[in-house]
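All remarks here apply to the structure that follows.
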Number of protein chains: 2
Amino acid sequence: MSGNDEKSNLADVAYGLLKRDLTEGIFKPGDKLLMSALRERYEIGAGPMREALSRLVADRLVTAESQKGFRVAPMSLAELKDIYFARAQLEALITELAVQNGDENWEAGIVASAHTLSKVTEVHNADEMLGLWDSRHKAFHRAIASGCGSAKLMELRMTMLDQAERYRQLWLRQTVFSAEALETKRREHQELLEILLSRDSVQARHIMFEHMMNPIPIITEILASRGLIG
Amino acid sequence: MSGNDEKSNLADVAYGLLKRDLTEGIFKPGDKLLMSALRERYEIGAGPMREALSRLVADRLVTAESQKGFRVAPMSLAELKDIYFARAQLEALITELAVQNGDENWEAGIVASAHTLSKVTEVHNADEMLGLWDSRHKAFHRAIASGCGSAKLMELRMTMLDQAERYRQLWLRQTVFSAEALETKRREHQELLEILLSRDSVQARHIMFEHMMNPIPIITEILASRGLIG
DNA sequence: TTATTTAAAAATGTAGATATTTTTATTAAA
DNA sequence: TTTAATAAAAATATCTACATTTTTAAATAA
């Protein structure tokens with residue numbers, strides 16, 4: 001009756017925790033992920049820990065070298081550009097399909113999530129706002145994409161979102177902590193919404209591509225200031 | 001000096017072997033993947049075996065239910081259509097980019113691999129031909145896609161190819177064993193090649209999408225004849 | 001220094017212990 | 001007799017602890 005049991009094994013738990021720690025930057029790019037340290041941190045045996053690491057290698061958040069163990073996947077300007085470009089192309093494609101296929105329900109969903117996102121400004125606490133804006137921003141974009149009608153394209157989209165997440169986190173602070181940048185985003189989303197509702201799939205695709213590419217210069221600057229010029 | 005050592009651990013080996021066995025249909029969709037049976041088959045402990053299975057879950061070739069073990073991921077008409085549609089959209093996108101960005105070297109590559117593919121008809125042994133045509137066909141398409149200039153898009157492409165592989169195998173026999181179907185493919189590839197070299201990226205995108213969608217009816221029929229009507 | 005040997009650290013793998021699920025057998029109720 | 005519920009047994013999945021192999025670091029000799 002009470003539904004949500006969802007028993008999970010230790011590998012699943014460790015996977016989730018380590019993934020969070022990686023995207024939050026608790027482990028830095030290039031850092032060695034020492035088995036003993038991880039086992040202690042997540043209170044877990046080597047077997048399940050390897051399983052979690054192995055999955056994160058598939059996610060491209062961790063690299064593995066046989067007999068030499070695991071490292072946090074490096075970050076670079078080149079990878080930033082590649083991930084954001086591929087992601088923008090994919091999201092633009094999905095958006096075009098969504099505009100072509102989306103029904104009334106889809107329209108209602110994007111209008112609702114756009115509204116919910118626009119109301120975030122009322123929160124006080126800075127860090128709380130960061131999380132709230134981010135989750136609602138993601139929900140808005142997910143609502144748009146969901147209209148494409150392909151579960152596999154949605155999976156590919158999530159793959160790219162996961163890979164972009166470490167870079168996105170850098171951008172997020174700049175954006176949400178600056179009233180100016182936040183207002184710019186608000187306007188971009190408004191424009192996007194109007195074009196989606198106008199059902200012009202070609203223009204929607206174009207606008208979405210530009211929207212997705214916008215963060216690159218900001219993130220580039222942050223990475224450069226951290227000495228990641230490569 | 002002698003280069004190719006590439007030491008791999010047991011999980012890597014088991015991953016590769018099981019993946020092959022899955023795409024070749026040695027384990028059927030829905031089959032329970034019994035730990036004891038797998039350990040015996042691949043002569044390996046439970047730890048590395050779980051690691052391999054875990055990676056195949058990420059690849060969507062295996063499903064996992066906590067405390068209940070692993071199964072071969074089911075196949076269905078719905079999944080066939082979804083995979084092929086998403087893959088066709090992605091390949092079409094990548095093709096458009098490749099036509100826009102590809103240089104002389106890219107052109108030379110696709111001309112060469114198209115030629116190599118067209119020469120396969122001379123082989124006698126049927127099964128040998130199957131493998132040869134398949135690998136050259138893949139090489140031809142890879143050569144086209146490689147012009148897109150994005151490593152991440154190429155990764156996404158590979159993801160979809162892996163997921164399509166079980167369905168593709170069904171199609172492959174129909175195609176390669178039928179002189180008629182093989183000739184149709186030869187013409188399609190010729191047409192594709194001409195349009196790529198004409199540098200009309202929009203038409204190239206369109207033709208590639210159609211080319212990628214063509215196998216669906218054939219595979220549908222095969223699945224239906226096996227009782228997979230859902 | 002540079003190469004070689006030795007010792008420590010770390011990764012990987014196996015075997016067996018523990019917990020969970022599934023099956024079978026047993027009993028009670030309809 | 002059949003069905004349902006319960007309990008015992010078997011099968012299975014999962015995890016930990018320890019053993020083995022490999023890599024890295026340190027020490028020593030050329």
Side-chain angles (χ1 to χ4, degrees), chain A residues 1-19 21-22 26-74, chain B residues 1-19 21-22 26-74:
Chain A
M1 288 285 164
S2 66
N4 249 1
D5 275 289
E6 289 286 331
K7 272 171 210 163
S8 58
N9 54 32
L10 291 189
D12 289 335
V13 175
Y15 170 80
L17 292 174
L18 180 51
K19 189 170 182 176
D21 289 347
L22 287 168
I26 290 173
F27 297 105
K28 305 295 178 192
D31 275 4
K32 186 110 215 311
L33 290 169
L34 217 51
M35 210 56 190
S36 52
L38 295 174
R39 285 175 46 184
E40 188 172 357
R41 182 178 176 92
Y42 304 113
E43 293 175 309
I44 200 184
M49 194 67 242
R50 282 186 68 77
E51 210 180 308
L53 283 162
S54 203
R55 286 168 60 183
L56 287 162
V57 171
D59 292 346
R60 312 286 171 184
L61 291 174
V62 167
T63 62
E65 203 176 351
S66 196
Q67 318 298 68
K68 293 191 181 176
F70 299 87
R71 288 182 176 279
V72 180
Chain B
M1 286 286 161
S2 65
N4 249 1
D5 275 291
E6 290 284 333
K7 272 169 210 163
S8 58
N9 52 34
L10 291 188
D12 289 335
V13 175
Y15 169 80
L17 292 175
L18 179 51
K19 189 170 181 175
D21 290 346
L22 287 169
I26 291 175
F27 297 104
K28 303 298 179 193
D31 275 4
K32 186 107 215 310
L33 291 169
L34 217 50
M35 211 55 188
S36 51
L38 295 174
R39 286 175 47 184
E40 188 172 357
R41 182 178 178 93
Y42 303 114
E43 293 176 309
I44 200 185
M49 196 64 243
R50 283 185 66 78
E51 211 179 309
L53 284 162
S54 203
R55 285 167 60 182
L56 288 162
V57 171
D59 292 345
R60 312 282 171 184
L61 291 174
V62 169
T63 62
E65 203 176 351
S66 195
Q67 318 300 76
K68 293 192 182 177
F70 299 87
R71 287 180 176 280
V72 181

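Letters A, B, ... are given to chains in the order of the sequence lines, protein chains preceding strands, and every chain is numbered from 1.
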Rounding to a whole Å, what distance do you find between A/L38:CG and C/dT12:P? 12 Å
Whole-Å distance between D/dT24 P and A/L34 CG? 12 Å
Does anything in residues 44-53 of chain A pair up under salt bridge (Lys or Arg N to Asp or Glu O under 4.0 Å), and if so which pairs, sequence neighbours excluded? A/R50-B/E51, A/E51-B/R50
Check whether any side-chain nitrogen or oxygen of B/R50 sits under 4.0 Å from OP1 or OP2 of D/dT14, and answer yes or no. yes
Which of these passes side chain to side chain contact (heavy atoms under 4.5 Å, CB included) with B/F70: B/V57, B/L18, B/T63? B/V57
For B/P74 against B/P29, the heavy-atom pair lying closest together: CA-CB, 4.0 Å
So, do B/K19 and B/L56 sit near enough that their side-chain heavy atoms are less than 4.5 Å apart? yes
In terms of the nearest nucleotide of DNA chain D, which residue is placed more toward the 5' end: B/K32 or A/G47? B/K32
Compare all side-chain heavy atoms of A/D59 with those of A/Y15 and state whether any distance is below 4.5 angstrom. yes
Here the distance between atom P of C/dT21 and atom CG of A/N9, to the nearest Å, is 12 Å
Donor-acceptor pairs under 3.5 angstrom involving side-chain atoms of residues 35-45 of chain A: please list them, not counting sequence neighbours.
from	atom 1	to	atom 2	distance (Å)
A/R41	NE	A/D21	OD2	3.1
A/R41	NH2	A/D21	OD2	3.1
A/Y42	OH	A/D21	OD2	2.6

B/L10 has an atom CG; how far is it from atom C1' of C/dA15, in whole Å? 15 Å
For the pair made of CZ in B/R71 and P in C/dT21, what is the distance, rounded to whole Å? 15 Å
Starting at CE of B/M49 and ending at C1' of D/dT12, how long is that distance when rounded to a whole Å? 15 Å
Nearest-angstrom distance from the residue atom CD of A/E51 to P of C/dG13: 14 Å
Starting at CE of B/M35 and ending at P of C/dG13, how long is that distance when rounded to a whole Å? 13 Å
Using a strict heavy-atom distance below 4.0 Å, which residues from residues 56-68 of chain A are in contact with DNA chain D? A/Q67, A/K68
